[in-house]
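Read through the structure below, which is laid out as structure tokens, and then see the notes.
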Amino acid sequence: MDAPHHKHDHQVIPSDPALRTKALESLLVEKGLVDPAALDAIIDAYENKIGPRNGARVVARAWVDPGYKERLLRDAGPAIAELGYSGAQGEHMVALENTPAVHNLVVCTLCSCYPWPVLGLPPVWYKSAPYRSRAVIDPRGVLREFGTELAEDVEIRVWDSTAEVRYLVLPERPPGTGNMTEEELAALVTRDSMIGVAKIAAPRGVEA
Amino acid sequence: MNGIHDMGGMHGMGPIRYEENEPVFHEPWEGRIFAITIALGAWKRWNIDAGRHTIEQISPADYLRMSYYEKWLARNIALSVKHGLVTQQEIDVGRPAPGSTKATPPLTSANLGPAVAPRPGYARPEADAKARFSVGDRVRARKSNPPGHTRLPRYVRGREGVVDRHRGVFVFPDTNAHFHGEDPQHLYSVRFRAQELWGESASPKDSVYLDLWDGYLERA
């Protein structure tokens, strides 16, 4: 790049995405197109407030409150909003109940659609080619990669988020949790179980 | 378009690379470009379908090589230039053109609510659209190959399924992405048996559900 004959190279923007992002942001700020304080606040919201802990509280509530579970499965958006969660990429929510007979798995084969208000931003693997390509054609193989082995007679439903509907899996409540509080239950709920790639393990000391 | 982004059913993409305790953003610039995407969206010069289509137009080799947020960076530059927020020359030199006026951003830290609050959404319950199908109908995904944006993946085209749920009336991405209007249509959750999609090696127990617009479907 520093060779003299490259002096008039049109590639004046550094290729490093960090530098290019910095250059773009400074241009946008100078032009008054974006407010850097708003960018800080957006990042803070998605790093610290909007994430899978929200979905875990929804799941735990559904486990302990049959009326809530009924509302969640009938019309997930308002039920999720009851707990204070709503927002971009959660406008049209559907909850899917996992049972011993039916296992739901969520993917977006075309891009990276994901229910932000309850799960936050998706992990890299969810957005990557291996998961997007194989979840629909080989869900059992994909689940095995996550350590989730399902019996042959379990029905797998794969949900490809091709429209603006966003899915939250309601995982099965693990055995041995009958005496746990809603808060303790929420702590057991993993992001992966709400995407449908994993089940929730029984708490330590409990035989599944 | 029959692009690389439409990867459902492809082989050869390798193992799923799982990261324990993954951070929301791996590097600060990823957070910046994510937030820039939301802040630029507040100008309403484009829509989410146009945004997706911009990423789809990245060449297949680049699409597979670039990281997720690198694609978002490219998308924001392309859309900002195309829709007149900045010029390519300003991107190249990294400064506003001499004499350009300074705008006022629609999204500020003071009115951030709208950035993370629900957006108007894509449901159009008031639209006067006719539902051609009802729950239980056998349908076939149309065998079409539109060169523009579509949310009808290749792996279901020509395949038969059953309407499982009616989702309501939604903005049609195929027109909206190209600024040809919202053309609201009924949206259905359609269940396809795994064996219908992939053949006999698939489990007879399994199925794939897709949310498909009225115009994507025909009676089977």
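The chains referred to below are lettered A, B, ... by the order of the sequence lines, with proteins before strands, and numbering in each begins at 1.
Inter-residue side-chain proximity for L33(A) and P105(B) is flagged as unmet; no heavy-atom pair is nearer than 4.5 Å. Between E19(B) and P123(A) the shortest side-chain heavy-atom distance does not fall below 4.5 Å. Side-chain contact between M194(A) and V59(A): present, with at least one pair of heavy atoms (C-beta onward) separated by less than 4.5 Å. Residues V190(B) and L210(B) fail the side-chain proximity criterion, which asks for heavy atoms closer than 4.5 Å. Counting heavy atoms from C-beta outward, R151(B) and Y216(B) have side chains that approach closer than 4.5 Å. Proximity of R52(B) to D49(B): side-chain heavy atoms (C-beta onward) are separated by under 4.5 Å at one or more points. V118(A) has its side chain within reach of P115(A): a pair of non-hydrogen atoms, C-beta onward, lies under 4.5 Å apart.
Ranked by heavy-atom pairs under 4.5 Å with chain B, the list K49(A), H103(A), R134(A) is led by R134(A). Options P96(B), G12(B), P153(B), G31(B) differ in how many heavy-atom pairs under 4.5 Å they form with chain A, and the most are formed by P96(B). Comparing R132(A), E47(A), E30(A) by how many heavy-atom pairs each has under 4.5 Å with chain B, the most go to R132(A). By number of non-hydrogen pairs under 4.5 angstrom with chain B, the leading residue of V158(A), T109(A), D192(A), V154(A) is V158(A). Note on L121(A), V107(A), V94(A): by heavy-atom pairs under 4.5 Å with chain B, the leading option is L121(A). Interface summary for chain A: among T104(B), T101(B), L85(B), V156(B), the most heavy-atom pairs under 4.5 angstrom belong to L85(B). Options M10(B), R32(B), E22(B), H5(B) differ in how many heavy-atom pairs under 4.5 Å they form with chain A, and the most are formed by R32(B). With chain B as partner, the option from L28(A), L24(A), D138(A), V124(A) having the largest number of non-hydrogen pairs under 4.5 angstrom is V124(A). Taking chain A as the reference chain and counting heavy-atom pairs below 4.5 Å, the highest number among T108(B), V171(B), D6(B) is found for T108(B). The candidate from G51(A), A38(A), S133(A), C108(A) with the greatest count of non-hydrogen atom pairs under 4.5 Å with chain B is S133(A).
The part of E145(A) that comes within reach of chain B is its side chain, from C-beta onward, which places non-hydrogen atoms under 4.5 angstrom from that chain. Residue contact with chain A, scored on non-hydrogen atoms closer than 4.5 Å, involves the backbone and the side chain of P15(B) alike. With a 4.5 angstrom heavy-atom cutoff, S203(B) touches chain A only via side-chain atoms. For Y85(A), no part lies near chain B; criterion is any non-hydrogen pair under 4.5 Å. Residue contact with chain B, scored on non-hydrogen atoms closer than 4.5 Å, involves the side chain of F146(A) exclusively. Of the two parts of S67(B), neither the backbone nor the side chain holds a non-hydrogen atom closer than 4.5 Å to a non-hydrogen atom of chain A. Heavy-atom distances place the side chain of Y69(B), and not its backbone, under 4.5 Å from chain A. Neither the backbone nor the side chain of V102(A) has a heavy atom closer than 4.5 Å to any heavy atom of chain B.
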Run the numbers on S112(A) and Y68(B) for side-chain hydrogen bond (donor to acceptor under 3.5 Å, both in side chains), then give the verdict.
CA-CA 9 Å; S112(A) 53; Y68(B) 184 72; 2.5 Å; yes

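Taking the six-membered ring where tryptophan is involved, the planes of Y188(B) and H166(B) are tilted, since the angle between them lies from 30° to 60°. Taking the six-membered ring where tryptophan is involved, the planes of H92(A) and F170(B) are perpendicular, since the angle between them exceeds 60° and thus also 30°.
In this structure, the separation between CG on L152(B) and CG on D174(B) is 8.0 Å, given to the nearest 0.5 Å.
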